[in-house]
Every structure is written in structure tokens, then in C-alpha cells.
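Working notes, structure below.
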There are 2 protein chains.
Amino acid sequence: MVVHPSLSEDALDRLFHALADTTRRNIVARLMGGEHATVSSLASRYEMSFAAVQKHVAVLEGAGLVTKHPQGRERIVRGNPEQLARARVLLAQLEQLWSARFSQLDAILAEPSRRTP
Amino acid sequence: MVVHPSLSEDALDRLFHALADTTRRNIVARLMGGEHATVSSLASRYEMSFAAVQKHVAVLEGAGLVTKHPQGRERIVRGNPEQLARARVLLAQLEQLWSARFSQLDAILAEPSRRTP
DNA sequence: CAAATATACAACCATATGGTTGTACATCCT
DNA sequence: AGGATGTACAACCATATGGTTGTATATTTG
């Protein structure tokens, strides 16, 4: 089985911070959707400087949401769905805490009626 | 059926930003886990000032992850799992984009062999 | 009523963030 | 070789963030 190393608090900070920006979420969506992307081709899609987009990509890379692969003078940027999944799993675990609040009470209520001893 | 209003980009920014801090994720975990919480009781758990925790709670509230309910001089803080679910759904959608990249190719490969006309 | 408690909020500070422009360097193309 | 293209990176700026302390206002309690 494949081991899913859990992320440090610091890595989680970077991961959610990377997702907390419209432009960066948009870039992630493009990449996950399979758009062939160099830093330049990404930059051409947004109303901001090349350097600004470059910084956004660096933030995504630091969060592990994206990888860069040199190819000649270009850098191909690819999405990393596993990191996205780790963030999703953490949220699911937090939700699980919520539902766990009631599971014991549910069990008691679901129990076939039995007089208290 | 219950309608799930989708969030604005701005709301998503606030939502992920709220999650991008260890202390705030910890607060969310406590609340989802059912810990009875006033702002003070939360503040007592962390090595920072009351005002600092108060600000963290305000950020969580602004992101919709938490609600405050006045009760005498106290404010009861409760977790809102629906907002957590909205963030999770967005991540799942991004992951879905990734898997959709291959579905068409998969379909072609899975098709019973048929000579090109 | 007076003291203690819970919260709110303003002012302040250091650092981070998101943007800009400019410069340097590597690679591709004619 | 030399110009054009793609990337990296530094310096700078305005604003946001995460923390502090201090003050004000409600509410509970003795």
C-alpha cells in the first residue's frame, strides 16, 4: 500500500495559504484541467506582470501543489493532485470530528429499548 | 432538496485564508470535536493574549467556519461544518478536473477494438 | 453598590504579502 | 554572432497580517 505522509503544520499553513488566492486557485484549475503550461503561457492569461504570476507559481510550488520541469529555456508547470487530496482529507477529518460528536448518542438512541438497571 | 449556495471568490479567499493558520485550524478542531467554548475558554488554551485569540475567532467567523452566540456576558462559539464541507467540495472539484483529463482517453482505450473507417 | 469577569475595540509594531519595475542570464532562432 | 524569448531575482512600495497593550462597556456576583 502507498504511504500517505501527513503534512507538518507548517506545510498545511503553506498549502491552505496557497489556495487562499483567486489567481492561484485559477492557475491550479488550469493545470489540473490539463492545460499545457509554461510560466509565460500562464502569465499571458492574467492582467498582471509576468513577475507577479511567477511569484504565484512559486507559492504554489512551495505548497507542493505544483511542480516545475525545465525544458530548454522554458519551465513546464504541472499540477500535483495528491497535495490537493491531502488538503481535502484534512477537511474531511475535521468534518468527521463533528459527526463523531453525535455517534455515541446516536448509538444509545438506536439501541433497542432496554430498561435502565 | 437543500440548496448549497456556492461561495464567491472572495468568500473562498477568506475561507482558505482562515484555514491557513495552525492556531485557527486547532480552534476549528476543538469546536468540531464538541468542546464547549467561549472566547475566554478558547483563549486559555493558547500561549497568546486574549485579544489575539479573539482576532483568530473573528477571522474564522468572517470565513463562516464559526458562529458566535451571545449568552449573558459570554459568547458561545460553535463550529459550522457546512462551510468546511464547501471548502472540501471545491478541492474535490479541482481533483475531478485532473481525473477528467484521462477519462476520454480511457474511454477510447476501453472501447472494443474497431477498425478506423 | 462595588468588584470581578467576558468581551470588544483601538492603537501600535514587525513582518509578510501581492504587486510593480529593472537587471541579469540562458536558450533559441536567423 | 546577435537579437528575441523565457526565466530568475532583487529592490521597492502599499497594504494586510498576527501579535501586543491599553481602554471602554456589559454582565455577573459578593
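Per chain, numbering begins at 1; letters A, B, ... match sequence-line order.
- Judged purely by atom type and a 3.5 angstrom limit, A/Arg14 uses its side chain to pair as donor or acceptor with the backbone of A/Gly62.
- Note on A/Thr38: only backbone sugar-phosphate atoms sit closer than 4.0 angstrom, heavy atoms only; bases stay farther off.
- Counting heavy atoms from C-beta on, the side chains of A/Phe16 and A/Leu91 come closer than 4.5 Å.
- Ranked by how close their nearest DNA chain C nucleotide is to the 5' end, A/Asp21 and B/Glu74 are led by B/Glu74.
- Between B/Arg73 and D/dT29 there is no side-chain polar atom (N or O) within less than 4.0 angstrom of OP1 or OP2.
- Side chain to side chain, B/His69 and B/Arg78 meet the donor-acceptor criterion of an N or O pair below 3.5 Å.
- A/Gln54 has no side-chain polar atom (N or O) that falls below the 4.0 Å cut-off from OP1 or OP2 of D/dT7.
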**OP:** Run the numbers on A/His36 and A/Ile76 for side chain to side chain contact (heavy atoms under 4.5 Å, CB included), then give the verdict.
**Re:** CA-CA 8 Å; A/His36 177 273; A/Ile76 308 297; 3.8 Å; yes
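- Atom CZ in B/Phe50 sits about 17 Å away from atom P in D/dT23, given to the nearest Å.
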**OP:** Check the pair B/Arg25 / B/Asp21 against salt bridge (Lys or Arg N to Asp or Glu O under 4.0 Å), numbers first and verdict last.
**Re:** CA-CA 6 Å; B/Arg25 281 194 305 276; B/Asp21 178 280; over 6 Å; no
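- Ion pairing between a basic and an acidic side chain is recognised when a charged N comes within 4.0 Å of a carboxylate O; B/Arg45 and B/Glu35 show such pairing.
- Bounding nucleotides for the chain A contact on DNA chain C, 5' to 3', at a heavy-atom distance below 4.0 Å, are C/dT17 to C/dC28.
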